[in-house]
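One structure is given below, encoded as structure tokens.
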Amino acid sequence: MIKIDYTNVMAKIIGEKDGIIPQEFDEYNHIVHEIHEKILKEKDTHFYFTKLPYQDTQEIKTLAKEIRENFDYFVVIGIGGSALGNQMIQEAINGFNYNNFEFPKLYILDNVDPEKFGNILDLIDIRKTIFNVITKSGSTVETMANFAIIYTTLKELLPETYKNHLIFTTDPEKGFLRKFGQLEGIKTLDIPPAVGGRFSVLTSVGLLSAAVCGIDIDALLEGAKKADKICSKTSIVIENPAYLIGLIHYIAAEKKGKSISVMMPYFERLSSFVDWYRQLWAESLGKQGYGQTPVKAIGTIDQHSQIQLFREGPKDKIVTFIQVEKSLRDFKIPSDLPPEISYLSGYTLKEILDMELLGTRAALTKSKVPNLTITIDELNPYNLGMLIYIYELATGFTGYLYKINPFDQPAVEEGKNFAYGLMGRKGYEEKLREFKELNRQEFILEL
Ligand SMILES: O=P(O)(O)OC[C@H]1O[C@](O)(CO)[C@@H](O)[C@@H]1O
């Protein structure tokens with residue numbers, strides 16, 4: 001069960017300056033319907049991710065079983081859309097203690113921070129490790145750098161068997177990694193060509209590590225399937241969760257000046273879900289002067305950090321709370337407490353967490369900060385699959401409302417080009433020249 005309560009984004013509650021009047025929804029009926037038809041037509045191209053719930057998972061499950069039987073450590077080497085979803089599923093379903101008690105342990109090597117790299121190497125035994133190198137483009141610099149070190153280390157340590165310690169996940173045709181995998185005879189899984197990195201969590205990108213860690217990937221896809229059925233059926237915004245989330249955020253950004261989208265789960269297992277959402281929303285929609293800056297907040301922690309700003313700072317935010325009804329564990333506060341804190345007596349931690357959400361929500365509403373609440377009965381693979389699908393579709397849909405392409409990321413290339421120039425990569429000599437002009441460093445305070 002997933003419920004979206006959007007009462008507090010409506011003008012009736014927070015006024016017309018910050019809130020939406022129902023007629024504003026109605027104004028978009030026609031365009032939403034057109035986008036809906038377009039999405040249905042593009043299910044084999046841009047919106048191919050909507051077909052992923054129907055895939056056959058047998059190959060992934062068989063491979064995962066073999067890995068569980070033969071390895072103690074599973075290390076993902078990837079970054080962005082090739083890592084955030086793996087972390088998100090793992091944390092949301094297996095929680096934070098998995099690596100302390102279970103095998104195979106999952107580690108994610110995304111950054112090229114040498115200390116992080118070293119810290120992960122310290123935790124694993126390479127002889128008992130399988131490395132899943134994930135990259136849609138097949139050539140991302142951080143992934144290639146980490147892979148190059150691991151590959152050489154493996155080859156030196158295990159000259160006969162090193163290939164058994166590698167699985168590549170990449171585009172079926174394009175890119176360096178695909179070619180290298182063919183040349184070396186390394187097991188390689190496909191990422192469907194039409195699915196971009198940040199929409200790829202429900203392909204082999206995210207499913208293999210999940211299955212290796214014992215997560216029911218069929219249930220994950222069942223949830224996504226359910227969301228697909230609901231969302232494909234209707235273009236009526238108030239009946240379609242993805243369009244509802246998309247249109248609310250679009251109107252908030254374009255008509256009410258809400259240029260920041262805060263996502264604030266009151267359930268820490270959803271912490272990495274927000275990281276995943278951040279890439280999805282930012283990289284897909286931040287184009288041609290449009291977009292909304294995604295901000296992460298965790299309840300209750302950020303009540304003691306960011307809420308002051310959310311309530312009294314610039315009125316440029318829309319907040320999405322996420323509440324999970326059922327906690328796997330709970331702890332009761334004792335009844336014999338000193339009078340000063342006796343108001344806590346008898347409550348459980350979960351009850352306090354929930355009441356704090358209600359309190360914060362009311363405080364934001366009082367300050368006319370538009371907010372919606374997504375309630376999930378239980379954070380299981382089925383509901384997570386629904387949530388993933390809804391947010392992916394909401395993102396694609398919102399991109400079409402903005403009339404931009406939500407599936408590319410042209411602006412991320414330039415920084416990489418300058419870095420290639422600095423690394424002396426062939427063909428990037430002009431970029432190095434341009435870099436030197438831009439890298440002026442004229443006003444510096446040194447201590
Ligand atoms: O999967 P790849 O091709 O290695 O890309 C990793 C990430 O890099 C980006 O291309 C941005 O640089 C993201 O869109 C992507 O998720």
Side-chain angles (χ1 to χ4, degrees), residues 46-49 52 75-90 108-113 116-117 131-151 166-181 186 188-210 272-288 291 293-294 388 391-392 395-396 398-399 404-423 425 428 431:
H46 288 125
F47 284 82
Y48 191 83
F49 65 85
L52 296 172
V75 177
V76 168
I77 302 180
I79 197 163
S82 294
L84 291 168
N86 304 71
Q87 181 72 27
M88 175 259 283
I89 296 179
Q90 173 71 347
I108 294 178
L109 255 178
D110 49 3
N111 208 347
V112 281
D113 181 321
K116 180 173 180 177
F117 185 90
F131 295 89
N132 185 195
V133 188
I134 308 179
T135 166
K136 177 71 200 298
S137 62
S139 57
T140 298
V141 57
E142 294 84 353
T143 307
M144 289 303 109
N146 285 329
F147 165 61
I149 301 173
I150 294 297
Y151 177 75
L166 288 165
I167 296 176
F168 295 165
T169 306
T170 191
D171 187 274
E173 276 155 27
K174 286 191 268 182
F176 160 77
L177 200 71
R178 170 60 61 175
K179 267 194 245 129
F180 190 70
I186 289 165
T188 305
L189 301 174
D190 292 347
I191 307 173
V195 180
R198 58 188 175 272
F199 293 88
S200 71
V201 60
L202 296 181
T203 68
S204 55
V205 168
L207 294 181
L208 181 63
S209 64
S272 290
F273 182 83
V274 188
D275 299 334
W276 172 82
Y277 159 76
R278 201 161 43 181
Q279 183 201 8
L280 193 64
W281 206 245
E283 216 176 51
S284 304
L285 304 179
K287 277 156 210 172
Q288 298 169 29
T293 305
I388 289 170
Y391 267 96
E392 286 181 346
T395 305
T398 309
I404 49 129
N405 178 1
F407 303 108
D408 65 2
Q409 55 283 331
V412 302
E413 297 309 321
E414 202 60 341
K416 294 183 195 174
N417 293 338
F418 290 138
Y420 290 146
L422 283 168
M423 289 174 212
R425 187 171 175 179
Y428 290 83
K431 287 291 156 195

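For ligands, and for the atoms within them, numbers begin at 1 and follow the listed sequence. Note that the structure is a prediction, hence the values are computed from the model and not measured.
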Next on the checklist: Which residue and atom name correspond to the protein heavy atom nearest atom 4 (O) of ligand 1, and how close is it?
Outcome noted: Thr140 OG1, 2.5 Å
Checklist entry - Which heavy atom of the protein is the closest neighbour of atom 9 (C) of ligand 1, given with residue, atom name and distance? => result Glu283 OE2, 4.0 Å
Checklist outcome for this item: Ranked by distance from atom 1 (O) of ligand 1, the top protein heavy atom is Ser82 OG, 2.6 Å
Next on the checklist: Classify the ring geometry of Phe47 against Phe407: parallel below 30°, tilted from 30° to 60°, perpendicular beyond 60°.
Outcome noted: perpendicular
Checklist entry - For Thr143 and ligand 1, does the shortest N/O to N/O distance drop below 3.5 Å? => result no
Item to check | Which segment of Thr135 sits under 4.0 Å of ligand 1 when only heavy atoms are counted | outcome: both
Checklist entry - Under 3.5 Å between some N or O of ligand 1 and some N or O of Gly81? => result yes
Item to check | Ligand-residue contact atoms, ligand 1 with Val412, heavy atoms, under 4.0 Å | outcome: 11 (C), 12 (O)
Next on the checklist: If the cut-off is 4.0 Å to any non-hydrogen atom of Ser137, which atoms of ligand 1 fall inside it?
Outcome noted: 2 (P), 3 (O), 4 (O)
Next on the checklist: Exactly one of Thr135, Leu177, Asn146 should register a side-chain contact (heavy atoms from CB on, under 4.5 Å) with Thr140. Which one does?
Outcome noted: Thr135
Checklist entry - If you measure from the Lys or Arg side-chain nitrogens to the Asp or Glu carboxylate oxygens, is any gap between Glu414 and Lys431 under 4.0 Å? => result yes
Next on the checklist: Would you say the ring centers of Phe418 and Tyr420 fall short of 6.0 Å from each other?
Outcome noted: no
Checklist outcome for this item: dist Leu84:CG -> Arg278:CZ (nearest 0.5 Å) comes out at 8.5 Å
Next on the checklist: Quick check for you: to the nearest 0.5 Å, what is the distance between Phe273 atom CZ and Ile89 atom CD1?
Outcome noted: 10.5 Å
Checklist entry - Would you call Asp190 and Arg178 a salt bridge, using N to O less than 4.0 angstrom? => result yes
Checklist entry - Non-hydrogen atoms of Lys416 versus ligand 1: any pair closer than 4.0 Å? => result yes
Checklist entry - Would the Tyr391 and Phe199 ring centres measure less than 6.0 Å apart? => result no
Checklist outcome for this item: Of Met144, Lys174, Gln279, Glu142, the one whose closest heavy atom lies nearest atom 15 (C) of ligand 1 is Gln279
Item to check | Shortest protein heavy-atom distance from atom 6 (C) of ligand 1, along with the residue and atom involved | outcome: Ile79 O, 3.2 Å
